[in-house]
Amino acid sequence: MEKITIAIDGFSSTGKSTIAKQLALKLAYVYVDSGAMYRAVTLFAMEKGYVSENNFLKDELINSLDFIHLKFIFNEELGFSEIYLNNKNVEKEIRTLEVSSFVSTIAEVSEVRRKLVEQQQKMGFAKGVVMDGRDIGTVVFPNAELKLFITASAEKRAQRRYDELIERGDKVSFYDILQNVQHRDHIDSTREDSPLVKADDAIEIDNSNLSLEEQFEMVYLLALDKISSI
Ligand code: CDP
């Protein structure tokens, strides 16, 4: 069967990665979490002291981009790929609220975007890929056969992220998370380079009131429809 490219974009914590992972597993496609790449670069910048509460050494980060090596390695047990920053598995570390609080600032830097977009395009070259992020249908794969744009209310999204972090054992407040979600939405949608916008040919799905099963059923049918029409 022909393989297609599936681009999933949308606001923070809309559950894009859950949809993308499920789809990739079912279709035996490769799943790429582009947000994890921006998060790993953010972790690198934090570790080097390039970004903190009131400081951002943008030029230092740009000058060290060649020292940032990212790769995904498939974890058989989990059924998806985990991200490695300079050969270290950072899958858990990149999901903290602290990384979330700096990531949109890092993702605004054009040099960072250029480097990551190039890697993403290479990963999707052979098709058979599901990638989620903010600019996948607009910049990374403008020719993707299936583009989804996922939305949900800010409160719903913050609640989902809150539950996720509490489940992991992180101590966080719902209010801080809601603020982070809204703040990132604002930066991501208003930045100059590759802002978060719905591609003209993307299908918008508001999943505020959809269960995981209902949502999966919907996107899986859309994917099968697309694949069989090619
Ligand atoms: O927290 P959530 O899962 O919603 O976000 P993510 O997909 O992990 O992405 C984290 C951040 O990376 C976003 O808020 C964006 O600032 C940035 N990002 C981006 O600019 N472009 C992408 N393709 C993916 C993520």
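Computed from heavy atoms alone, side chains included, the values below leave out hydrogens, waters and symmetry copies. Note that ligands are numbered from 1 as they come in the structure, with each ligand's atoms numbered from 1 the same way.
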### Query
Roughly how far, to the nearest 0.5 Å, is CD1 of I8 from NZ of K147?
13.0 Å
#### Entry: Polar contact flag for T14 and ligand 1 (N/O pairs, less than 3.5 Å)
no
### Query
Looking only at N/O atoms, are S12 and ligand 1 under 3.5 Å apart anywhere?
no
### Message
Whether the D132 and Y31 side chains hold a donor-acceptor pair (N or O, under 3.5 Å, no angle test) is what I'd like checked.
### Response
yes
### Task
Mark yes or no: K26 above the aromatic ring of Y220, with NZ or CZ under 6.0 Å from the six-membered ring centre and no more than 45 degrees from the axis.
yes
### Task
Please state which part of R191 comes within less than 4.0 Å of ligand 1, counting heavy atoms only: side chain, backbone, both or neither.
side chain
### Numbering as shown, the atoms of ligand 1 that approach G35 to under 4.0 Å (heavy-atom distance)
6 (P), 7 (O), 8 (O), 9 (O), 24 (C), 25 (C)
### D200, CG: over 12 other non-hydrogen atoms inside 6.0 angstrom
no
### Task
Could you establish whether Q120 and ligand 1 come within less than 4.0 Å of each other, counting only heavy atoms on the residue side?
no
#### Entry: Trace of the salt bridge (Lys or Arg N to Asp or Glu O under 4.0 Å) decision for D193 with R191
CA-CA 6 Å; D193 190 345; R191 71 179 173 222; over 6 Å; no
#### Entry: Protein residue, atom and distance nearest to atom 24 (C) of ligand 1, heavy-atom basis
S34 OG, 3.3 Å
### Query
Out of I106, L116, D185, D188, who gets a non-hydrogen atom closest to atom 14 (O) of ligand 1?
D188
### Message
Tell me whether Y38 has any N or O atom under 3.5 angstrom from an N or O of ligand 1.
### Response
no
### Task
Begin from the C-alpha positions of D188 and R113 and carry the test salt bridge (Lys or Arg N to Asp or Glu O under 4.0 Å) through to its verdict.
CA-CA 13 Å; D188 293 348; R113 303 203 69 81; over 6 Å; no
### Query
Which value, rounded to the nearest 0.5 Å, describes the distance between F141 atom CZ and D135 atom CG?
10.0 Å
### Query
Is it the case that R160 and N207 place a side-chain donor and acceptor less than 3.5 Å from each other?
yes
### Message
Side chain or backbone, does D33 bring an N or O within less than 3.5 Å of an N or O on ligand 1?
### Response
no
### Query
Is any N or O atom of R39, backbone or side chain, closer than 3.5 Å to an N or O atom of ligand 1?
yes
### Query
Contact between M37 and ligand 1, counting heavy atoms under 4.0 Å?
no
### E108 to ligand 1, any heavy atom closer than 4.0 Å
no
### Task
Could you walk me through whether R157 and D185 pass salt bridge (Lys or Arg N to Asp or Glu O under 4.0 Å), step by step?
CA-CA 11 Å; R157 294 187 279 126; D185 286 352; 2.7 Å; yes
### Query
Who's the nearest protein heavy-atom neighbour of atom 10 (C) of ligand 1, and how far?
R184 NH1, 3.5 Å
### Query
Relative to the heavy atoms of S13, which atoms of ligand 1 are at a distance of less than 4.0 Å?
2 (P), 4 (O)
### Message
Within ligand 1, which atoms have a heavy atom of R161 less than 4.0 Å away?
### Response
1 (O), 2 (P), 3 (O)
### Task
Please verify whether a non-hydrogen atom of K16 lies at under 4.0 Å from ligand 1.
yes
### Task
Using a 4.0 Å heavy-atom threshold (strictly under), name the region of R134 that reaches ligand 1: side chain, backbone, both or neither.
both
### Task
Taking the six-membered ring of F149 (Phe, Tyr or Trp), confirm whether the NZ or CZ of K198 is under 6.0 Å from its centre and within 45° of its axis.
no
### Query
Are S100 and ligand 1 in contact, using a heavy-atom cut-off of under 4.0 Å?
no
### Message
I'd like to know whether NZ of K58 has more than 12 heavy-atom contacts from other residues, nucleotides or ligands below 6.0 angstrom.
### Response
no
#### Entry: Chi angles and distances behind the salt bridge (Lys or Arg N to Asp or Glu O under 4.0 Å) call for R134, D9
CA-CA 5 Å; R134 302 292 187 284; D9 290 302; over 6 Å; no
#### Entry: For atom 21 (N) of ligand 1, closest protein heavy-atom neighbour
R113 NH2, 3.0 Å
## Note on the structure
Numbered in order shown, the ligand 1 atoms found under 4.0 Å of a heavy atom of D135 are 21 (N), 22 (C), 23 (N)
## Note on the structure
Here the gap from Q120 atom CD to K115 atom NZ, rounded to the nearest 0.5 Å, amounts to 12.0 Å
### Query
Taking the minimum heavy-atom distance to atom 17 (C) of ligand 1, which of S189, S104, A107 ranks first?
A107
